[in-house]
Amino acid sequence: MSSFDESEAFETASLSARAMAARPMPYLDDLNPAQREAVETLEGPVLMLAGAGTGKTKALTTRMVHLLNTGTARPNEILAVTFTNKAAREMKNRVGRMMGEAVEGMPWLGTFHSICVKLLRRHAELVELKSNFTILDADDQLRLLKQLVAAANIDDKRWPARQLAGIIDQWKNRAWTPENVPASEASAYDGKGVVLYAQYQTRLIELNAVDFGDLLLHMVTIFQTHDDVLAQYRRWFRYILVDEYQDTNVAQYLWLRLLAGGHKNICCVGDDDQSIYGWRGAEVGNILRFEKDFPGAHVVRLEQNYRSTPHILAAASGVIAENKDRLGKELWTEARGGKKVGLMGLWDGEEEARWVGEQIEDAQAGLGRFKYRENPRSITIEQEAERLAKGGVVSKNVEGDIHQVNLQRAEALSPTGKDNLPLPKTYNLDEIAILVRASHQMRAFEDRFLTIGLPYRVIGGPRFYERMEIRDAMAYFRLVVSPADDLAFERIVNTPKRGLGDKAQQKIQMTARQNGVSLLEGAAILLDEKGIGGKGATELAKLIDGLRRWGRLVGDQKLSHIELAEMVLDESGYTEMWQNDKTPEAPGRLENLKELVSSLEKFENLQGFLEHVSLVMENDAGQDGEKISIMTLHAAKGLEFPVVFLPGWEDGLFPSQRSMDESGQKGLEEERRLAYVGITRAEEICTISYASDRIIYGRRQPQYKSRFIDELPEEHIDDLTPPGIFGGGYGAVGMGDPFGSNIEDRAAEANVYNSPGWKRLQARAAERPLSQPKESRNMVIDAQAISAHTMGERVFHQKFGYGAIIGIEGDKLEIDFEKAGVKHVVARFVSGADDIPF
DNA sequence: GCGACGACGGTTTTT
DNA sequence: CCGTCGTCGC
């Protein structure tokens, strides 16, 4: 039997069932009938089909509260799984808020992966692991596979290891162990896929490591082969809740079905229309099949939408209606009025970016289509408070404070005190999002916004813990904490350059293998035997020496783990490496390292930190200030914005050519769901745009407007495309006279100084000190920036790197960047090359 | 062992 | 067009 200890689990409950049973249930009054049904049907299988914006999270969290409040379950008896840490956190917070101080949190509310780690650590020995196994990320995984591929003498040009990694991931998503891979897959990876998969799994066990897929796969294996363990958890997790069920893959599905198999108290929440992760193993089939899997399942449809105006809902519904194989839902709203979905055809990608930029400035100023919110949708004080809190105005304050401050503001806006607040007629930048199909579309917007000085933030860029410098630093930490971590050793042995190339590393590998020790020890032996000479030997000795010394300092009372981390990075020469690096990325990397070290503060020690980051790879930087959000449609799922722009609706780009080629009709339907997700992110104003010409891979290409545009119901669409540009209005194809009617405007706009956007920017800048006192600090910086720069000065820009100023006009600089060429940039976005932010 | 150069390919992404 | 990867020459 394992280390499983049932009594420990129950101790975490801070409130007995009896004490809770008597509590009142005011939270039920906040629900509509469908939500209420989903919340109150506690026993047996429930499928909650929750359309976009129908209060899914509310229903889910209220259901948890209800389980607790009625004494039906204790906190530790509820298993609640999500896909992202963010969703888990959100749910935890909401349950906590609703329950007050009474509940110590929910120990089994988390992501599939984090819950599986907890479980697997208890039962590691059942799959020949030790409970302190390490979790590899994609990088480590690939490095390992490359070694195996090389050892198998495979031409990795024709058969890249990356491809093998993809194949293995897919197999793991389907819960196939090497023995279970069906014969139909025998030809995978030149017929060697299965063998290499088996070797990879063996190697992982040797390293006492798992990859992300293994977390689920191992647990499924354990449940399938150890009835006693499964039985315990079935008893333990009496109620199961699953968020985003449409995104589950086969392994997750099996895991859930095994756990729920006894009592069948499982409530899955999802929306088949928002299934957009098929390409990474999600099976819409799981949700479509729910009633078969759980006969007698209670199916509840949440269809009342609280997010969007009727036009936006109608547009989204019109598009998604083209899909077959739907469970079928029709969103409706009590809201009336609102603006039709805008549609704009433009000449090319640059013009699209320029136009969206102007639209955003209109939105800020309450001009054009953004003038007055004629949408009479009422919002409550709570909603307004939430909206303001999201706006970042006071988001840096303590949480209790935010609520109060915003409530006051909301009350001030509403003379009657409650409900029906007049909606403000201008939008701030946090209320605006640009959602693109592919990340390369972001560049045009970034360029444009930098030029006109519109602050923006890119959501879901390269994640903090996936950056090279962070992973290097982490490898050093890993090695200090566990000297036998061979993957970490391989990663940093020659970073910074120590003169230890392939040859030397092979020798280390050999010595280690011959002696049956870790690479680090092998290296030490090799050094003793003088199997290596020259610069490499000296440097290697220094590294080994350092690692031993730092290792002894782990847990030292006189030295905090933060100081230790700094010491490691400094003495290893890693920090110095980036300080000597002259590429534009170097300052940012140093900054990231600093941030990494300071994030250590939240942890007791290095081990705790390393454990945390292997699972929680999040990017919480850049939450400061009012900014437009730019992100992919995928990253936008679950979010909402008053104003949404959906650019690039062109066949081939969206729907993406590749997805149609690879997955045919299925692929097209997933793209269509993506369109549905995009439109339904919008609360008030939704604007779709397309260009007739776009630079793709440096080549100018004629584009044809997306087939999804034809699927938009005409009566809910406001075609903003000026006649003449495309040879007609709505419905016209995107191949018209390129130099349409307003050639002068176009020429004028090419010069940003004359563009409407630029003029508006100037006007705004002038009035800012009065209308927006909180901007005054920026104004000081602006003023300094204007006077501080001189012709020819060398400056640094976050995105473009180093460059020399070749023109100054107001706070507008013309800079010849070393890498990026000549750009117009607002002064506040550059700093002197000598005082690099750091 | 390492930097320079050319070939190649190129959605979406969480854990 | 741009970043990655692998080969080649020093």
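Between C/dC5, C/dC2, B/dT13, one nucleotide has an atom nearer to the side chain of A/Thr632 than all others, and that is B/dT13. For A/Asn494, the side-chain atoms get nearest to B/dC2 when compared with the rest of B/dT11, B/dT14, B/dC2. Checking B/dT15, B/dT13, B/dT11 against every side-chain atom of A/Thr84, the shortest atom distance belongs to B/dT15. If you check B/dG1, B/dT13, B/dT15 against the side chain of A/Ala635, the one that comes closest is B/dT13. The A/Tyr697 side chain lies nearest to B/dT11 when the options are B/dT13, B/dC2, B/dT11.
With rounding to whole Å, A/Arg471 atom CZ is found 15 Å from B/dT15 atom P. One atom, CD of A/Gln252, and another, C1' of B/dT13, lie 13 Å apart when rounded to the nearest Å. One interatomic measurement links the two molecules: CG of A/Asp447 to C1' of C/dC1, which rounds to 12 Å at whole-angstrom precision. Rounded to whole Å, atom C1' of B/dG3 lies 17 Å from atom CG of A/Asn580. Taking atom CD of residue A/Glu670 and atom C1' of nucleotide B/dT13, one finds them 12 Å apart after rounding to whole Å. When the C1' atom of B/dT15 is taken as reference, atom CG of A/Asp247 falls 13 Å away, rounded to whole Å.
When each of A/Lys535 and A/Arg658 is assigned the nucleotide of DNA chain B with its nearest heavy atom, A/Lys535 is the one assigned upstream, toward the 5' end.
Ring centroids of A/Trp255 and A/His218 are separated by 6.0 Å or more, keeping the two rings apart. A/Tyr277 has its ring centre less than 6.0 Å from the ring centre of A/His634. Proximity of the aromatic rings of A/Tyr233 and A/His123 is defined here by a centroid distance below 6.0 angstrom, and this criterion is met.
At least one test fails for A/Arg672 against the ring of A/Phe708: distance under 6.0 Å to the centre or angle within 45° of the axis.
A side-chain donor-acceptor contact under 3.5 Å links A/Thr451 to the backbone of A/Asp447.
Contact annotation: A/Arg443 side-chain N/O to C/dC2 OP1/OP2 distance is under 4.0 Å. OP1 or OP2 of C/dC5 sits under 4.0 Å from a side-chain N or O of A/Arg162.
A/Thr111 comes within 4.0 angstrom of the backbone, heavy atoms only, and of no base. Among the heavy atoms of the strands lying under 4.0 Å from A/Lys497 are primed sugar atoms or P, OP1, OP2 only; no base atom is included. Among the protein residues, A/Ala504 comes within range of the sugar-phosphate backbone only, with heavy atoms under 4.0 Å from sugar or phosphate atoms but none that close to a base. Contacts of A/Arg699 with the nucleic acid, taken as non-hydrogen atoms under 4.0 Å apart, are absent. Here A/Glu671 lies in heavy-atom contact (under 4.0 Å) with a base.
By the stacking rule of 5.5 Å between ring centres and under 30° between planes, A/Tyr277 does not stack on the base of B/dT12.
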